[in-house]
Amino acid sequence: MRVQFSFNFPVIVVLEDLHWSDGATLALLSAVARRRQPARLLIIGTYRTTDLPDVHHPLLTMTHELRIHRQCQELPISLLSPGAVAAYLAERLSGQSVPDEFARAIYHQTEGNPLFLVDLVDHVLAQSHGLDPAAHSSLLAALRSLPENLRQMLIYQIDRLNQGEQHLLEAASVAGIEFSAETVAAALHIDEATAEHGCDGLVQRHLLVRGKQPSEEAGEGRGTQYTFRHALFHQVVYNRLGAARRRQFHQQVGEQKERAYGSRAVEMAAELAIHFTESGDAARAVQYLQQAARTALQRSAHHEANTHLTHALEWLQRLAETPEQSQRELELSLLLGVTLMSTQGFSSPHVQQTYAHARHLCQQLGTTPQFELRATMSLCRLWHAQGKTRHARHRLAALYDWFTEGFDTPELQKAKALLAELC
């Protein structure tokens, strides 16, 4: 093929969406790029790697060969910064004032992806009928829904994958935005090498995921790590899972992470609690929700601990009534009393009801004197704060006398100090 140019002025040719080009177009571009005669010609081509079916697509082959011979330059488009997103919004809205919280929310949702940014802003403007700063809540509400055309575009990219690759992504979405080949393998009951090979294929084709450096954290393993290219990819894949398959994957991922974390499972209790609540494993859900609550209390995160404990008590009702479960309910109730006193105050009826229920459980079990003492002391503090000091002193003194003979614990010393205060 002989291509000649004789321009007396610079010419810039822009070709968009080269991923949809036919063979003849790509052959012409290759011939033009390889010619050695000078020409005042610049060709700019754009394409999306996510729309290429495989790594052997003619466009990728052509660009690879041209780069080897330094006959083209690839300029990957980087994600926009928060400042660039704010500048785009100001330009798009003709200089209209843009609420800072709205600009931050747009950036958080799109992570600076230009294509997602344009579609999301179109969607928000259509849903809220313009950008009225006074309609603050409607703007943020529109951000919480995914534009239909963007959702369909992401679904299209997923549907073009083969069944095995779709299953890999489904399992990965349950593990989280970041995941390992080991976790995916456990969810799909395949060996780790097969899972790693499948994930690497997606990475090489720039499809939905990218690779990460191996984890160096103890208990996490040193297998290959991956992450979804965007939170929206993760969201769409996860939402496509059926309820039964989602429960199955959460159970398998939870068990794999439980093994991998080993002695650190307590530290990761909140994450494990999510997997086992989603899978419906009530026993493990209660166990890790309680551990997550203890960790939150150590950080003085009382509201977070309260949420964990409330959910733990709800899940506990799904288990058969046994002395062991009653003991667990007692422990949860005492912890819940601590969080409620911190978040609702001594005067809250809920606090008193919680500790009264704990004392009732103690009397039912009959083998937990230290817990009954702790529950009674808490009730006495409440009564004292409510001005019922005489009642509190009478209850605590009776219980204290019952414990004193041959029984000495830190709890008893605290009871003695509280009794002295009440007197």
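Sequence positions, counted from 1, serve as the residue numbers for this chain. A quick note: this is a predicted structure, and the numbers were derived from the prediction, not measured.
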Strictly distance-based, threshold 3.5 Å: is any side-chain N or O of Ser279 a donor or acceptor partner for the main-chain N or O of Phe276? yes
Are Tyr226 and Leu208 packed together at the side-chain level, in the sense that at least one heavy-atom pair is separated by less than 4.5 angstrom? no
Approximate separation, where rounding is to 0.5 Å, of Leu332 CG and His311 NE2: 13.0 Å
Taking only residues two or more places apart in sequence or in another chain, which ones pass salt bridge (charged side-chain N to carboxylate O under 4.0 Å, His left out) with Arg245? Glu170
Measure the CE-CG distance between Met153 and Leu232 for me, rounded to the nearest 0.5 Å. 8.5 Å
Given Tyr261, which partner from the list Gln256, Glu271, Glu267 fulfils the side-chain hydrogen bond (donor to acceptor under 3.5 Å, both in side chains) test? Glu271
Any donor-acceptor N/O pair, Arg246 side chain to Arg240 backbone, under 3.5 Å: no
Return the NE2 to CD1 distance between His108 and Ile106, rounded to the nearest 0.5 Å. 11.5 Å
Is Arg104 close to Pro82 at the side-chain level, that is, under 4.5 Å between some pair of heavy atoms? no
May I have the step-by-step check of side-chain contact (heavy atoms from CB on, under 4.5 Å) for Arg151 and Tyr156, ending in yes or no? CA-CA 9 Å; Arg151 190 177 72 85; Tyr156 169 74; over 6 Å; no
Which residues share a salt bridge (charged side-chain N to carboxylate O under 4.0 Å, His left out) with Arg210, sequence neighbours left out: none
About how many Å separate CD of Gln290 and CG of Leu316, when rounded to the nearest 0.5 Å? 9.5 Å
Give me the atom names and distance for the closest heavy-atom approach of Ala285 to Thr277. CB-CG2, 3.6 Å
pair Ser173-Phe228: side-chain heavy atoms closer than 4.5 Å: yes
Checking side-chain polar atoms at under 3.5 Å, does Asp22 have a donor or acceptor matched by the opposite partner on Thr25? yes
For Arg92 and Val118 the tightest heavy-atom approach is NH1-O, 4.2 Å
Show, in sequence, the C-alpha distance, side-chain angles and deciding distance for Leu66 and Leu29, and conclude whether the side-chain contact (heavy atoms from CB on, under 4.5 Å) test is met. CA-CA 10 Å; Leu66 293 179; Leu29 286 175; over 6 Å; no
Heavy-atom side-chain proximity of Leu309 to Leu289 below 4.5 angstrom: no
Side chains of Glu258 and Arg284: does their closest heavy-atom pair fall under 4.5 Å? yes
Answer yes or no: is there a donor N or O on one side and an acceptor on the other, between the side chain of Thr194 and the main chain of Ile190, under 3.5 Å? no
For Leu335 and Thr339: C-alpha separation, side-chain torsions, deciding distance, then whether side-chain contact (heavy atoms from CB on, under 4.5 Å) applies. CA-CA 7 Å; Leu335 287 173; Thr339 68; 5.7 Å; no
With a 4.5 Å cut-off on side-chain heavy atoms, are Leu18 and Thr46 touching? no
Is there a donor-acceptor contact under 3.5 Å from the side chain of His308 to the main chain of Ala270? no
Ala301 backbone acceptor or donor facing Arg299 side chain under 3.5 Å: no
Check the pair His189, Gln252 against side-chain hydrogen bond (donor to acceptor under 3.5 Å, both in side chains), reporting the backbone distance first and the verdict last. CA-CA 9 Å; His189 296 297; Gln252 289 159 186; 3.1 Å; yes
Could you tell me if the side chain of Lys257 sits less than 4.5 Å from the side chain of Met268, heavy atoms only? no
Does any N or O in the side chain of Asn162 come within less than 3.5 Å of the main-chain N or O of Glu165, such that one atom is a donor and the other an acceptor? yes
Enter the distance from Phe179:CZ to Thr224:OG1 here, rounded to the nearest 0.5 Å. 10.5 Å
Verdict with supporting geometry, Arg229 and Glu111, side-chain contact (heavy atoms from CB on, under 4.5 Å): CA-CA 10 Å; Arg229 286 186 169 272; Glu111 298 179 9; over 6 Å; no
List the atom of Gly254, the atom of Leu272, and the distance in Å for their closest heavy-atom pair. O-CD2, 3.7 Å
Heavy atoms from other residues, nucleotides or ligands near CD1 of Ile44 exceed 12 (cutoff 6.0 Å): yes
Without swapping roles, check the side chain of Ser30 against the backbone of Leu26 for a donor-acceptor pair under 3.5 Å. no
Test side chain to side chain contact (heavy atoms under 4.5 Å, CB included) applied to Glu178 - qualifying residues, sequence neighbours left out: Lys212, Thr227
Interatomic spacing from NE2 in His250 to CD in Gln248 - rounded to 0.5 Å: 12.0 Å
Grab the two heavy atoms, one from Leu319 and one from Ala282, that are nearest each other, plus how far apart they are. CD2-CB, 3.6 Å
Which heavy-atom pair separates Ala292 from Ala269 by the least distance, and what is that distance? N-CB, 3.6 Å
For Tyr238 and His234, take the angle between the two ring planes, folded into 0 to 90°, and tell me which bin it lands in: parallel under 30, tilted 30 to 60, perpendicular over 60. parallel
Heavy-atom count around Glu74 CD within 6.0 Å, excluding the residue itself: above 12? yes
Counting N and O atoms only, with roles assigned by atom type, does the side chain of Glu278 sit under 3.5 Å from a partner on the main chain of Arg247, one being a donor and the other an acceptor? no
Side-chain heavy atoms of His275 within contact of Glu255, under 4.5 Å: no
Thr310 (side chain) donor-acceptor with Asn306 (main chain) under 3.5 angstrom: yes
Checking His69 side chain against Gln71 main chain: does a donor-acceptor pair fall under 3.5 Å? no
For Val209 and Cys199, the nearest pair of non-hydrogen atoms, with its separation, is CG2-O, 4.2 Å
